[in-house]
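One structure is given below, encoded as structure tokens.
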2 protein chains.
Amino acid sequence: MQDPQVKRSTLRDVAELAGVSYQTVSRVINQHPNVARRTRERVLSAIRQLDYRPNQAAKVLATGRSYILQLLMYDIRYSDPLPAMIYQARKQGYTLLISELSPFAAPEDIRAALDDLTARMIDGLLIYTPTPFFSYTEMRSLCRGVPFVLVGAALGIKSPSVVFDQRHGCELAIQHLLDLGHRQIAEIAGHPRHIDAQLRHETVVTMLKAHGLTPGPSIAGDFEVPSGYASTIKLLDSGEPFTALFVANDRMALGALRALHERGVRVPEDVSVVGFDDMGEAAYFNPPLTTVRQDLQVLAQQSVEYLVSMIGNPSMPVQQRVLYPELIVRGSTAPLK
Amino acid sequence: MQDPQVKRSTLRDVAELAGVSYQTVSRVINQHPNVARRTRERVLSAIRQLDYRPNQAAKVLATGRSYILQLLMYDIRYSDPLPAMIYQARKQGYTLLISELSPFAAPEDIRAALDDLTARMIDGLLIYTPTPFFSYTEMRSLCRGVPFVLVGAALGIKSPSVVFDQRHGCELAIQHLLDLGHRQIAEIAGHPRHIDAQLRHETVVTMLKAHGLTPGPSIAGDFEVPSGYASTIKLLDSGEPFTALFVANDRMALGALRALHERGVRVPEDVSVVGFDDMGEAAYFNPPLTTVRQDLQVLAQQSVEYLVSMIGNPSMPVQQRVLYPELIVRGSTAPLK
DNA sequence: CCTCGAATTGTGATCCCTCACATAACTCAC
DNA sequence: GTGAGTTATGTGAGGGATCACAATTCGAGG
């Protein structure tokens with residue numbers, strides 16, 4: 001609700017004050033070239049005098065374009081690519097709006113959210129949820145013609161998407177442990193409903209088997225710090241021996257390091273630990289964490305750029321852009337003694 | 001740009017199909033009571049059939065209300081209250097939009113951002129920046145009649161605001177160190193342009209002096225992990241002795257713990273460390289960090305609730321809601337030996 | 001059977017802009 | 001100075017909803 005006295009001025013008010021038609025004012029605002037210099041100056045001065053700014057709602061209604069990109073994601077707290085997305089969007093002339101789903105929302109929740117969002121006349125959608133409920137065709141119809149890009153979706157799906165090759169990342173991590181001589185490798189996996197967690201887990205198992213090894217004990221956490229702690233305690237209590245521990249993300253790895261420390265297990269002397277993500281803090285863990293880095297800046301940049309070019313060219317062919325993680329070796333891994 | 005074939009249906013399309021006037025359809029949508037049951041059903045069925053959803057831009061234009069709250073903040077990455085704000089806003093029937101300023105934006109940047117935002121017909125503004133450039137009167141005029149609440153602003157300002165009593169939080173931390181017997185207390189402060197950093201620093205100095213102590217060495221960081229690390233190295237290299245270290249936020253404290261560990265300084269045996277914020281990871285640092293907790297859920301809840309009531313009642317008196325932090329004692333502090 | 005009032009429905013104007021087009025004013029050549 | 005060709009400006013018609021009001025229908029009481 002506006003202060004009643006702060007009645008906004010409109011195109012017509014400006015036009016009247018400047019002694020021109022509203023259309024001329026519109027031209028000045030939209031930088032149309034065909035306006036005489038004197039007229040433009042007169043209009044600009046009137047705009048300043050009335051403190052006029054165009055009403056976006058009306059503009060959106062008239063043009064059908066909002067210059068708004070909507071990001072739909074499931075947990076804002078841990079969204080490191082967010083600032084880069086906002087920055088990229090702005091750079092391309094768009095505003096990025098963010099809306100959040102509860103973690104592991106049901107299909108109906110996603111449907112409802114999309115219903116709500118597409119009513120707002122947004123120009124494009126970035127969808128960043130780890131639970132791939134819908135096929136490309138379903139998604140297309142849910143988005144009702146609004147172009148969309150899936151961010152961090154499953155590898156290999158036929159949908160406009162930008163993803164990391166999780167498999168490659170896991171292979172780097174496991175290969176590193178194998179190279180160091182480890183043969184008994186335990187795992188703390190992510191939440192089983194999380195697409196990345198599934199893929200990371202499968203890759204670990206597949207790869208160990210491919211090397212003729214029996215996968216070590218494995219427990220599923222939920223990607224949060226406390227679950228990393230609790231899972232590690234369970235692993236230790238199970239009595240199954242392991243000399244290396246692969247943790248599906250850095251956050252849980254922090255919990256794992258804590259648990260190992262409390263139990264007197266030295267890292268990396270007794271157990272090597274590898275994380276995943278390379279969150280900013282990982283380099284300062286005790287010991288600094290060896291982990292798999294995903295360049296979220298690039299993820300953000302690619303996602304927004306792809307979406308914007310789809311907006312400009314709706315018939316753009318569907319593609320999946322795949323990015324590759326890299327291994328960052330720090331102090332939490334060492335050769336098997 | 002929409003797919004041309006996915007032309008959205010409008011009120012009129014629905015009206016035609018249902019054999020009623022557009023106004024009746026509008027009534028059905030807005031739950032107006034005076035609609036005959038049979039008519040309502042006919043309309044609802046037409047809505048379903050056409051997959052109709054009202055155009056929000058048009059609605060905003062007609063009503064002047066968007067049911068959108070805008071959050072203006074300076075660094076999304078570290079915004080723990082964000083999810084709570086989004087949740088609270090939704091609970092009250094609003095959508096929360098987020099936009100970001102570069103860290104320590106200049107006054108003109110804030111002005112430009114507000115110019116842009118207020119053009120979008122938002123119902124209210126949450127302003128969460130640590131640099132208080134404008135007076136209440138200036139702010140009011142910048143917001144052009146849109147109600148606003150300052151979040152985490154300076155203590156004692158006459159503006160609608162919800163803040164933590166930083167002073168109280170610092171006093172808790174320092175008192176804790178004093179109680180443990182520490183007399184040589186070093187400090188890593190936050191960025192000097194950050195309002196919270198200033199207040200925390202001043203409070204530390206004031207309080208130590210009040211106890212007849214000389215404030216120990218102090219270095220200003222920037223609230224990021226690496227600066228906590230670098231500052232600690234500098235403190236150690238300076239040769240000035242200290243038995244306790246107050247760090248202005250947990251993130252820097254993580255860097256500090258790392259630096260102390262590398263230099264062979266034991267925490268808490270040789271040096272006690274206190275942080276500020278109680279970020280989720282702090283309990284899992286090595287050692288677990290003693291820190292000052294601010295309940296960000298409450299901050300978020302109060303901010304949104306206050307803003308929404310201002311929207312409902314524009315003549316609501318200006319108030320500052322002050323929240324109090326609490327001390328969380330963990331393993332990084334111990335009695336002076 | 002008519003009248004009155006409530007319940008239901010419909011009509012016009014409006015919100016503030018942009019589009020496509022029509023008109024007016026200006027330049028310049030012949 | 002008349003015509004064409006720019007360049008500047010103005011007009012009408014939407015865009016898709018809401019609001020205030022007018023018009024209709026309905027049921028009940030006299």
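All chains are named by letter (A, B, ...) in the order of the sequence lines, taking the proteins before the strands, and each is independently numbered beginning at 1.
When the C1' atom of D/dG14 is taken as reference, atom CG of B/Asn55 falls 14 Å away, rounded to whole Å. A straight line from CE of A/Met121 to P of C/dC17 spans 17 Å, rounded to a whole angstrom. Look at CZ on A/Arg65: it is 19 Å from P on C/dC17, rounded to the nearest Å. Whole-Å rounding puts the A/Ile29 CD1 to C/dC19 C1' distance at 15 Å. Distance, B/Arg12 CZ to C/dG12 P: 11 Å, rounded to whole Å. Regarding A/Arg8, its CZ atom lies at a distance of 21 Å from the P atom of C/dT14, rounded to whole Å. Between the P atom of D/dT9 and the CZ atom of A/Arg38 lies a distance of 11 Å, rounded to the nearest Å. One can place NE2 of A/His32 at 10 Å from C1' of D/dT9, the figure rounded to the nearest angstrom.
For A/Ala36, taking side-chain heavy atoms from C-beta onward, the closest of the listed nucleotides C/dT18, D/dA17, D/dT9 is D/dT9. The side chain of A/Thr63 sits closest to C/dC19 out of D/dT18, C/dC17, C/dC19. Nearest nucleotide to the side chain of A/Leu11, out of C/dG10, C/dT18, D/dG10: C/dT18. When the nucleotides C/dG10, C/dC15, C/dC17 are ranked by their closest atom to the side chain of B/Ala62, C/dC15 comes out on top. Nearest to the side chain of A/Tyr22, among D/dT9, C/dT9, D/dG12, sits D/dG12.
The backbone N or O of A/Ala106 sits less than 3.5 Å from a side-chain atom of A/Asp109, completing a donor-acceptor pair.
Distances shorter than 4.0 Å separate some side-chain N or O of A/Ser26 from OP1 or OP2 on C/dT18. Within the structure, a side-chain polar atom (N or O) of B/Thr39 is placed less than 4.0 Å from OP1 or OP2 of C/dT9. Within the structure, every side-chain polar atom (N or O) of B/Thr10 is placed at least 4.0 Å from both OP1 and OP2 of D/dG16. OP1 and OP2 of D/dA8 both lie 4.0 Å or more from every side-chain N or O belonging to A/Thr24. Dashed line: the shortest gap from a side-chain N or O of A/Asn30 to OP1 or OP2 of C/dT18 is under 4.0 Å.
For the pair B/Arg65 and B/Tyr67, the cation-pi criterion (under 6.0 Å, within 45° of the ring axis) is fulfilled.
Residue B/Asn34 is in base contact, counting any heavy-atom pair closer than 4.0 Å across all strands shown. At the heavy-atom level, B/Val60 lies nowhere under 4.0 Å from the strands shown.
Judged by atom type and distance alone, B/Arg27 does not reach the base of C/dT8 through any side-chain donor-acceptor pair under 3.5 Å.
Heavy-atom nearest nucleotides on DNA chain C were determined for B/Leu61 and for B/Arg42, and the one closer to the 5' end corresponds to B/Arg42. Each of A/Gln23 and A/Arg37 lies near DNA chain D, and the nucleotide nearest A/Arg37 is the one positioned closer to the 5' end.
Using a 4.0 Å cut-off between a side-chain N of Lys or Arg and a carboxylate O of Asp or Glu, A/Asp51 and A/Arg8 do not qualify as a salt bridge. Using a 4.0 Å cut-off between charged side-chain N and carboxylate O, A/Glu16 and A/Arg12 make no salt bridge. In summary, B/Glu305 and B/Arg321 engage in a salt bridge, as defined by a charged side-chain N under 4.0 Å from a carboxylate O.
In terms of heavy-atom proximity, A/Asp123 sits nearest to A/Ser66 at OD1-N, 3.2 Å.
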